[in-house]
> 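Here's a structure for you.
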Number of protein chains: 2
Amino acid sequence: MASGSAARKPAPEPLVVLEEFLPYRLNVLAGLTSSALAQIYAERFGLSIPAWRVIVTLGQYECRTARDMAPDGVMHKSTVSRAVSALEKRGLVKRRPNLDDRREEWLALTPEGRAIYEAVAPEALAVGERLLSVLTAQEQKTLSALIDKLTRQARLLAPVEAEGDEA
Amino acid sequence: MASGSAARKPAPEPLVVLEEFLPYRLNVLAGLTSSALAQIYAERFGLSIPAWRVIVTLGQYECRTARDMAPDGVMHKSTVSRAVSALEKRGLVKRRPNLDDRREEWLALTPEGRAIYEAVAPEALAVGERLLSVLTAQEQKTLSALIDKLTRQARLLAPVEAEGDEA
DNA sequence: TTCCGTTCGTTGCTGCCGCAACCAATACCA
DNA sequence: TGGTATTGGTTGCGGCAGCAACGAACGGAA
């Protein structure tokens, strides 16, 4: 790699060094892990990331759609809607009207859906484990706490669509 | 928020709890910070994230395009290419042929480009600071080290386009 | 020199996401 | 009761990213 050492003039005054900028680094890391996982979801099971999230959520609970799929506003309504209808079309998810509130519908995994869930989940977990394997148990705890703190803070900084304000 | 407590049946056996799954949490965090930043880039300066990255990189150095913009394979070639031509069209970046290797071109910020750089950079940094403000100095160091470890590991797990293999 | 393999960069195509507008059903309030 | 605001969910539209195929230029070997 003895190439192009002349490429980088230090430049007047680097205000921002991208490689040290936290949001950038978070994006890079998240992107790498996402694509590692997406490869499994997509190539082997034909699932998009939103679809994967829907399946996992329905694997934990048997809740209803949208709001429940994206409790905090991650994933847009439309994203969830499309993921669900794709899954329904493939017969992995079944809709059932909620008679108490006919605006919403109950969603559940079909047997086929659950089969896929049980096939994908361990692999996804394995990737997560392999990722975390470079950290000690203590470091993992620390990381978890730091992520939580940052996420809380980020949620304050991001507008999150400003739901339900009037002023 | 006393709504829908009946929504969540515990379900047979939750193999994966999404809210505890590291890749998911990283994605959420990265997404939140990205959109906080993107708002600044986009609304106030009409920059996409790739465009911002190009500008920042050219603000540090005065290097050439593609490979230099995405040293590690973050950002696809095509993404960089389009970002650059958009910036050129707006007169924020100038191309200059490299006579030593006419496949590539030297890129540099125009005065207008640098002006935008100097306007955006502090705001972006401020967002980064506000994010990190919930962490102590020690925690910031720890976080940085953890991110590095994980990123290294993630790069091993991700295919990264498998450049230059033959078998 | 000529030929082949490789690298830098661009562009057409496709799919996905977010926005916003919209429909349907419910909640709130006089 | 009726009217308005709110919420759950769908869909059309525009933009952007990734893939892959291509063109242009370089490097090495005969």
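Residue numbers start from 1 in every chain, and the chains themselves are labelled A, B, ... in the order their sequence lines are given, proteins ahead of strands.
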> Mapping A/Glu104 and A/Ser85 to their closest nucleotides on DNA chain D, which lands nearer the 5' end?
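This one resolves to A/Glu104.
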> Between D/dT7 atom P and A/Arg64 atom CZ, what is the distance in whole Å?
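My rounded result for the distance is 13 Å.
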> Report the distance from atom CE of A/Met75 to atom P of C/dG18, rounded to the nearest whole Å.
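Answer to the nearest Å: 9 Å.
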> How close or far is atom C1' of C/dC17 from atom CG of B/Asn27, stated in whole angstroms?
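Spelled out: CG on B/Asn27 to C1' on C/dC17 is 14 Å.
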> Could you give the CG-to-P distance, from B/Leu107 to C/dT10, as a whole number of Å?
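Between P of C/dT10 and CG of B/Leu107: 8 Å.
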> Given atom CD of A/Glu88 and atom P of D/dT11, what is their separation to the nearest angstrom?
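Rounding to the nearest Å, CD of A/Glu88 and P of D/dT11 are 11 Å apart.
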> Would you call A/Arg67-A/Glu104 a salt bridge at under 4.0 Å N-O?
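No, no charged N to carboxylate O under 4.0 Å.
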> Would you check if A/Arg25 and B/Thr151 make a side-chain contact, meaning some heavy-atom pair closer than 4.5 Å?
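Sidechains of B/Thr151 and A/Arg25: no contact.
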> Look up atom CG in B/Leu132 and atom CG in A/Leu22, then write down how far apart they are to the nearest 0.5 Å.
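It is 5.0 Å, given to the nearest 0.5 Å.
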> Can you measure A/Asp100 atom CG to D/dT7 atom P for me and round it to whole angstrom units?
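About 19 Å, once rounded to whole Å.
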> In whole angstrom, what separates B/Lys77's NZ from C/dG12's P?
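Rounding to the nearest Å, NZ of B/Lys77 and P of C/dG12 are 16 Å apart.
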> Could you please name the option among C/dC17, C/dC19, D/dA25 that lies closest to any side-chain atom of A/Ser78?
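Taking heavy atoms from C-beta onward, the closest nucleotide is C/dC19.
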> Closer than 3.5 angstrom, by distance alone: can the side chain of B/Ser35 be matched with the main-chain N or O of B/Gly31 as a donor-acceptor pair?
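A pair under 3.5 Å: yes.
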> Once you apply a heavy-atom cut-off of 4.0 Å, does B/Thr79 come out as touching a base, just sugar-phosphate, or nothing?
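It contacts sugar-phosphate atoms only.
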> Side chain of B/Arg103 only, please: which of D/dC19, C/dT7, D/dT7 is the nearest?
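Among the listed nucleotides, the one closest to the side chain of B/Arg103 is C/dT7.
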> Rounded to whole Å, please give me the gap between NE2 in B/His76 and P in D/dG15.
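Computing the B/His76:NE2 to D/dG15:P distance gives 22 Å.
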> Is the base of D/dG18 touched by the side chain of B/Arg82 through a donor-acceptor pair closer than 3.5 angstrom?
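Flag set: donor-acceptor pair detected.
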